[in-house]
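All residue numbers refer to positions in the sequence shown, counting from 1. Reckoned from all heavy atoms, side chains included, excluding hydrogens, waters and symmetry mates. Just so it is clear, the model here is predicted, and its values are computed rather than measured.
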Amino acid sequence: MEQYAIKGGNPLVGDVEIAGAKNAALPILAAATMTDETVYIENIPDVSDIKMILDTMRGIGVAVRHTERHRVMLNAGNINNLVVEDEAMKKIRGSYYLLGAFLGKYKHAEVVLPGGCDIGCRAIDQHLKGFRALGAEVYIEHGLVKARAERLQGSHIYMDKVSVGATINVMIAATLAEGTTIIENSAKEPHVVDVANFLNSCGANIKGAGTDVIRIKGVQKLHGTEYAIIPDQIEAGTFMFAAAVTKGDVTVKNVIPKHMESITAKLLEIGCEVEEADDCLRVVASKPPMRTQVKTLPYPGFPTDMQPLITVALALAKGTSIVTESIYENRFRYVDQLTRMGADIKVEGGDTAIIDGVGQYTGASISVPDLRAGAALVIAALSAEGFSTIENINYIERGYEDFHLKLRNLGAQIELVETEKDYQKFRLKTG
Ligand code: EPU
């Protein structure tokens, strides 16, 4: 099994190009099946979750061609199966967007219950409530979510919980419903706006995405388009925190600084300097992080996906910091791994981490429990004294393109190793 071998201690310095947003690309690819015309999508990240959904789409008759590494041509004019039950789709979260897309276009969809990282119970009741409000009959049978409608009728839907996935999924389906749909208490994340912009570029009529009320006037048909996905806010935030944790100087390029505001605010609070230009942000950390408190919230609050990253920074800060996770009930599973590197963190009530800063991590053998925690643990290891090995890196590859290569470009001593011999070679080389 491949692992990362890391020798910590180098501050990360330099520029890093940010890829397209995985969590925008997944729904946009699914939504692209709603037109029979050809769609070109640019800035698609080359990560394994995207490969999986593209393979599944090929398997049901969608023509998919990479015209470049980050540009995909899709044509869904010959879909031959509305039942998506392959194993790969059980593993990722974004598979549920095929439900909204097929229900909207074909008034029939059957998709395996979605998986994704094990960070909480991750209910889908708000998706199902939304589809039902549009007139679909929806039920779960043999592990599949099945949705069917004679016709979809626009409706007024109040989301009981702010959910990125449910907002996007219902918005996708409602695009081809009859009449107007209003989604209240909708999620405001940049990728919700990106999906709405994509659909509008295909002829949809969606207004208000990015606010908590979205209005969708159903249209009869969507057409082909060319569209570029927004930069990945979480990948950018990861490298910004990598600068903070390793006392480095990193410029993230190809970002939208407005999307990064809550992350920038926290970096300033813990003592980093952040410089902003049109499409890049530079983070300089010349001293150890300072203590603070943070609570994860829906956008524009501090993102839950960044929670492990800020915890890794605060565990090095002098004094006591508190991190509260308000989105998922099981997102501190990485804390025991961080403890192996010397962190002093107690998790209380499942949602609150009380962190006493330790000043320095020491290298250890670490196992990754989920995608974002995986990136955070790698960054902790890069700042640690001595060597670390990180296993289960397939989680990281789900959402970060060329992660170790980008880190290495910034001066990190990190290598993919497969055997004990490879690891010993790495130790000799970097020793
Ligand atoms: N929720 C419900 N009912 C629903 C839907 C959600 O109770 O029908 C709850 C969830 O259990 C959770 C909260 O609402 O407690 C928020 O869930 P949301 O639907 O917003 O999350 P998601 O769509 O399942 C996406 C990202 C996650 C990211 C969250 C929050 C994708 C594929 N995943 O998940 O990304 O953490 O939004 O921003 O877009 C990641 O990329 O590593 C990742 C986990």
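Residues forming a salt bridge (Lys or Arg N to Asp or Glu O under 4.0 Å) with Asp344 (at least two apart in sequence, or on another chain): Lys346. Scanning for ring-ring contact (aromatic ring centres under 6.0 Å, His included) contacts around His259 gives an empty result, with sequence neighbours left out. Applying the ring-ring contact (aromatic ring centres under 6.0 Å, His included) criterion to Phe102, with sequence neighbours excluded, gives no partner residue. Residues that satisfy the salt bridge (Lys or Arg N to Asp or Glu O under 4.0 Å) test with Asp351, not counting sequence neighbours, are absent from this structure. Under the ring-ring contact (aromatic ring centres under 6.0 Å, His included) criterion, Phe239 pairs with Phe403, not counting sequence neighbours. Partners of Lys258 by salt bridge (Lys or Arg N to Asp or Glu O under 4.0 Å), not counting sequence neighbours, listed by chain and number: Glu261. Shown here are the ring-ring contact (aromatic ring centres under 6.0 Å, His included) partners of His70, two or more places apart in sequence or in another chain: there are none. The salt bridge (Lys or Arg N to Asp or Glu O under 4.0 Å) check on Asp356 picks up nothing, with sequence neighbours excluded.
Applying the side-chain contact (heavy atoms from CB on, under 4.5 Å) test between Val72 and each of Val39, Ile44, Ile50 identifies Ile44 as the sole match.
Here the side chain of Asp422 pairs a donor or acceptor atom with the backbone of Thr419 at under 3.5 angstrom. Formation of a donor-acceptor pair under 3.5 Å by the Arg340 side chain with backbone atoms of Ala364 is not found in this model. Between the side chain of Thr175 and the backbone N or O of Ala204, no donor-acceptor pair lies under 3.5 Å. Within the 3.5 Å criterion, the main-chain N or O of Gly399 finds no donor-acceptor partner in the side chain of Asp49. Here the side chain of Gln307 pairs a donor or acceptor atom with the backbone of Arg331 at under 3.5 angstrom. In this structure, Glu189 contributes its side chain and Tyr299 its backbone to a donor-acceptor pair below 3.5 Å. Remark: the backbone N or O of Leu222 is paired with a side-chain donor or acceptor of Thr35 at under 3.5 angstrom.
Between Gln233 and Met260 there is a side-chain heavy-atom pair separated by less than 4.5 Å. Using a 4.5 Å heavy-atom threshold, the side chains of Ile214 and Val192 count as touching. Within the 4.5 Å cutoff, the side chain of Leu26 has heavy atoms near those of the Ile92 side chain. Between Ser95 and Pro114, the closest side-chain pair of non-hydrogen atoms falls below 4.5 Å. Put simply, the side chain of Leu29 reaches to within 4.5 Å of the side chain of Ile41, judged on heavy atoms. The shortest distance between side-chain heavy atoms of Thr67 and Arg65 falls below 4.5 Å. Annotation: side chain of Ile256 is not in contact with side chain of Pro190 (no heavy-atom distance under 4.5 Å). Contact check for Arg398 versus Val47: no side-chain heavy atoms found under the 4.5 Å cut-off.
In plain terms, the two heavy atoms of Asp194 and Ala228 that are nearest each other are OD1-O, 4.4 Å. Nearest heavy-atom pair across Leu316 and Ser383 is CD1-OG, 4.0 Å. Heavy atoms only, all atoms of each residue included: Ala196 and Ile206 are closest at CB-CG2, 3.9 Å. Minimum interatomic distance between Ala21 and Pro231 (heavy atoms only, all atoms of both residues): CB-O, 3.8 Å. The two atoms that bring Val250 and Leu12 nearest to each other are CG2-O, 3.5 Å, heavy atoms only. Closest of all the heavy-atom pairs between Leu103 and Ala136 is CD2-CB, 3.9 Å.
Summarising the geometry, atom CD1 belonging to Ile183 is positioned 4.0 Å from atom CD1 belonging to Ile216; distances are rounded to the nearest 0.5 Å. Annotation: the span from Leu176 atom CG to Met34 atom CE amounts to 4.0 Å, rounded to 0.5 Å. Atom CG of Leu309 is separated from atom CD1 of Ile234 by 8.5 Å, given to the nearest 0.5 angstrom.
No side-chain N or O of Asp336 forms a donor-acceptor pair with one of Thr339 less than 3.5 Å apart. With no hydrogens or angles considered, no side-chain donor-acceptor pair links Asn23 and His191 at under 3.5 Å.
Residue pairs meeting the side chain to side chain donor-acceptor pair (under 3.5 Å) criterion with at least one member in residues 365-379, sequence neighbours excluded: Ser365-Thr389, Ser367-Asn392, Arg372-Tyr400. Pairs of residues two or more places apart, or lying in two chains, never qualify as ring pair (Phe, Tyr, Trp, His ring centres under 6.0 Å) while including a residue from residues 307-359. Sorted by first then second residue, the salt bridge (Lys or Arg N to Asp or Glu O under 4.0 Å) pairs that include residues 279-302, not counting sequence neighbours, are Asp249-Arg282, Glu275-Arg282.
With a 6.0 Å radius and a threshold of 12 heavy atoms from other residues, nucleotides or ligands, Asn78 has its CG atom at or below the threshold. Around the NZ atom of Lys253, the shell of radius 6.0 Å holds no more than 12 heavy atoms that belong to other residues, nucleotides or ligands. Tyr423 OH: more than 12 foreign heavy atoms inside a 6.0 Å radius. Counting non-hydrogen atoms of neighbouring residues, nucleotides and ligands closer than 6.0 angstrom, the CD atom of Glu276 exceeds 12 such neighbours. Within a 6.0 Å radius of CG in Asp160, more than 12 heavy atoms belonging to other residues, nucleotides or ligands are found.
Ring pair Phe198/Tyr227 is perpendicular by interplanar angle, where above 60° counts as perpendicular and below 30° as parallel.
Using a 4.0 Å cut-off between a side-chain N of Lys or Arg and a carboxylate O of Asp or Glu, Asp305 and Lys22 do not qualify as a salt bridge. One finds a salt bridge joining Glu226 and Arg71 here, because a Lys/Arg side-chain nitrogen approaches an Asp/Glu carboxylate oxygen to under 4.0 Å. Ion pairing between Lys146 and Glu141 holds under the 4.0 Å rule for side-chain N and carboxylate O.
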### Task
In sequence, state the C-alpha distance, the side-chain angles, and the governing distance for Ser163 and Gln126, and then conclude on side-chain hydrogen bond (donor to acceptor under 3.5 Å, both in side chains).
CA-CA 8 Å; Ser163 158; Gln126 298 304 304; over 6 Å; no
### Query
Yes or no on side chain to side chain contact (heavy atoms under 4.5 Å, CB included) for Met57 and Ile79, after CA distance, side-chain angles and deciding distance?
CA-CA 9 Å; Met57 287 165 67; Ile79 285 188; over 6 Å; no
### Message
Go through it in stages, so that I can follow the logic: the residues are Glu401 and Arg69, the test is side chain to side chain contact (heavy atoms under 4.5 Å, CB included), and I'd like the CA-CA distance, side-chain angles, deciding distance and then a yes or no.
### Response
CA-CA 11 Å; Glu401 179 179 308; Arg69 184 178 183 199; 3.7 Å; yes
### Step-by-step side chain to side chain contact (heavy atoms under 4.5 Å, CB included) determination, Arg148 to Glu110
CA-CA 9 Å; Arg148 216 180 255 280; Glu110 299 190 17; 4.0 Å; yes
When the side chains of residues 406-417 are checked against the rest of the protein, which donor-acceptor pairs come out under 3.5 Å, sequence neighbours left out?
| residue | atom | partner | partner atom | Å |
| --- | --- | --- | --- | --- |
| Lys406 | NZ | Glu17 | O | 2.9 |
| Lys406 | NZ | Glu235 | OE2 | 2.7 |
| Arg408 | NE | Ile414 | O | 3.0 |
| Arg408 | NH2 | Ile414 | O | 3.3 |
| Glu415 | OE1 | Lys429 | NZ | 2.7 |

